[in-house]
Student: 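One structure coming up, written as structure tokens, with questions to follow.
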Amino acid sequence: MIVGVPKEIKNNEGRVGMTPAGVFELVKNNHTVYVQSGAGEGSGFFNHDYQRAGATILDTIGQVYAMSDMIVKVKEPVAQEYSLIQKGQIVFTYFHFASSEALTQAMIRSKSICIAYETVEDADGSLPLLTPMSEVAGRMAIQQGAKYLEKPVKGKGVLLGGVPGVSPGRVLVLGAGTVGIQAAKMAAGLGAQVTVLDVNMKRLRYVNDIMPSHVVTEFSNEFNIRKYIKTHDLIIGGVLLKGAKAPNLITRDMLKEMHPGTVIVDVAVDQGGCVETTKPTTHENPIYIIDDVVHYCVANMPGAVPYTSTVALTNVTLPYVLKLANMGWRSACNLDKSLAKGLNIVEGEVVYKEIMEAFNWEPALV
Ligand SMILES: NC(=O)C1=CN([C@@H]2O[C@H](COP(=O)(O)OP(=O)(O)OC[C@H]3O[C@@H](n4cnc5c(N)ncnc54)[C@H](O)[C@@H]3O)[C@@H](O)[C@H]2O)C=CC1
Ligand SMILES: CC(=O)C(=O)O
Ligand SMILES: [Mg+2]
């Protein structure tokens, strides 16, 4: 198979879909790999590294899309890429369709095979290709939140760890999944008081078992959310309903209940966000303020630490890339049920029910 690796063009996205180690494995399996010139630079991988591993470097993104059977990338295609995607081409990347009807319509029109990293799902319900990036984003959420709590950037002016004689800051974590646990761990490490909410008691039991006593758990419901947003300085949005639009747990009216300078880091922004006032931002302009509440809603947080994120991501994607290249998408998905869950749009048809539900589409209309 011919596999293409384009350079990411989303704002400040330094990750790349394949490392030279991945190229080496594919070439060893008799595949051809085209890498766009400079694609890996943000992650510390240069053209000569890819060439030494056996790849051919192409000058333009157009050439990579035109010459490849399968595109392996990181983020969802942006508008400039829509017309480059070909009928029957496999596109293996994050898509987050439920948050963008425009992207969904464009990929339906392309008649490509869209396999979304974020919905590849193991038998136990875990999401092996989302987990490493959620680990990065969960940890980063506290770093970013701590920064935007500073007064010069309109935060409340609270130091999360406090100092002797002054209470530490308070962090509210919505969702005790991968993002939530990593965020809670980082916040606890800084000495903050942490409250973690989830609707899944198993997750809350797990958090309760592994975290120190200054991390407490509560059930997630509107009553508790309304109570805790008034007293917490930093709120992390880490909820997920697989493949679906995130629920709006914090509604617009609730912002008025919060202390001015409260910071929300809505990591779930890529699935539409769990805060009604969330809209995607970029690393260039990461925040905006509504009702004195600072919103940080960067949809590609791990893109800012590509040296860590590219390796963490490609460690888990490469086995699937090899399977797709060796067997083709039909046989690979027939044999590997986890990978089959990644199929979102196939030759113009949406095959993932939560995407249809996100846009209130009836099957006959698509
Ligand atoms: N902005 C970014 O750069 C990144 C965003 N993400 C996103 O972060 C989100 C979270 O991902 P993960 O932690 O991996 O998901 P996960 O599946 O590990 O955890 C989600 C948790 O949300 C909980 N939940 C569902 N409904 C809830 C409710 N009403 N109240 C409280 N909790 C609720 C679930 O029970 C689960 O424990 C996803 O949307 C993911 O795409 C992940 C990585 C990077
Ligand atoms: C998961 C995701 O959206 C990201 O890593 O950018
Ligand atoms: Mg207010």
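For this chain, numbers begin at 1 and follow the sequence in order. Indexing begins at 1, ligand by ligand and atom by atom, following the structure's order.
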Student: Could you check whether Glu257 pairs with Arg252 (Lys NZ or Arg NE/NH1/NH2 to Asp/Glu carboxylate O, under 4.0 Å)?
Tutor: no
Student: Just let me know how Val267 lines up against ligand 1, side chain, backbone, both or neither, with a heavy-atom cut-off below 4.0 Å.
Tutor: both
Student: Under 4.0 Å from a heavy atom of Ser220: which atoms of ligand 1 are those, numbered in the order shown and with their elements?
Tutor: 28 (C), 30 (N), 31 (C)
Student: With a 4.0 Å cut-off on heavy atoms, is Ser134 in contact with ligand 2?
Tutor: no
Student: Considering Val179, Thr131, Ile225, Asn221, which one's heavy-atom position lies nearest to atom 8 (O) of ligand 1?
Tutor: Val179
Student: Which of the numbered atoms in ligand 1 are under 4.0 angstrom from any heavy atom belonging to Gln271?
Tutor: 39 (O)
Student: Does some non-hydrogen atom of His96 fall short of 4.0 Å from ligand 1?
Tutor: yes
Student: For the residue pair Ser220 and Asp198, confirm or rule out a side-chain donor-acceptor distance under 3.5 Å.
Tutor: no
Student: Geometry only, no angles: is Glu13 polar-contacting ligand 2 at N/O separations under 3.5 Å?
Tutor: no
Student: Where is the nearest protein heavy atom to atom 3 (O) of ligand 2: which residue, which atom, and how far?
Tutor: Lys75 NZ, 2.7 Å
Student: Return a yes/no value for Ala299: is any of its N or O atoms, backbone included, closer than 3.5 angstrom to an N or O of ligand 1?
Tutor: yes
Student: Are any of the heavy atoms in Arg203 under 4.0 Å away from ligand 1?
Tutor: yes
Student: To which protein heavy atom is atom 1 (C) of ligand 2 closest, and what is the distance rounded to 0.1 Å?
Tutor: Leu130 CD1, 3.6 Å
Student: Under 4.0 angstrom from ligand 2, any heavy atom of Met301?
Tutor: no
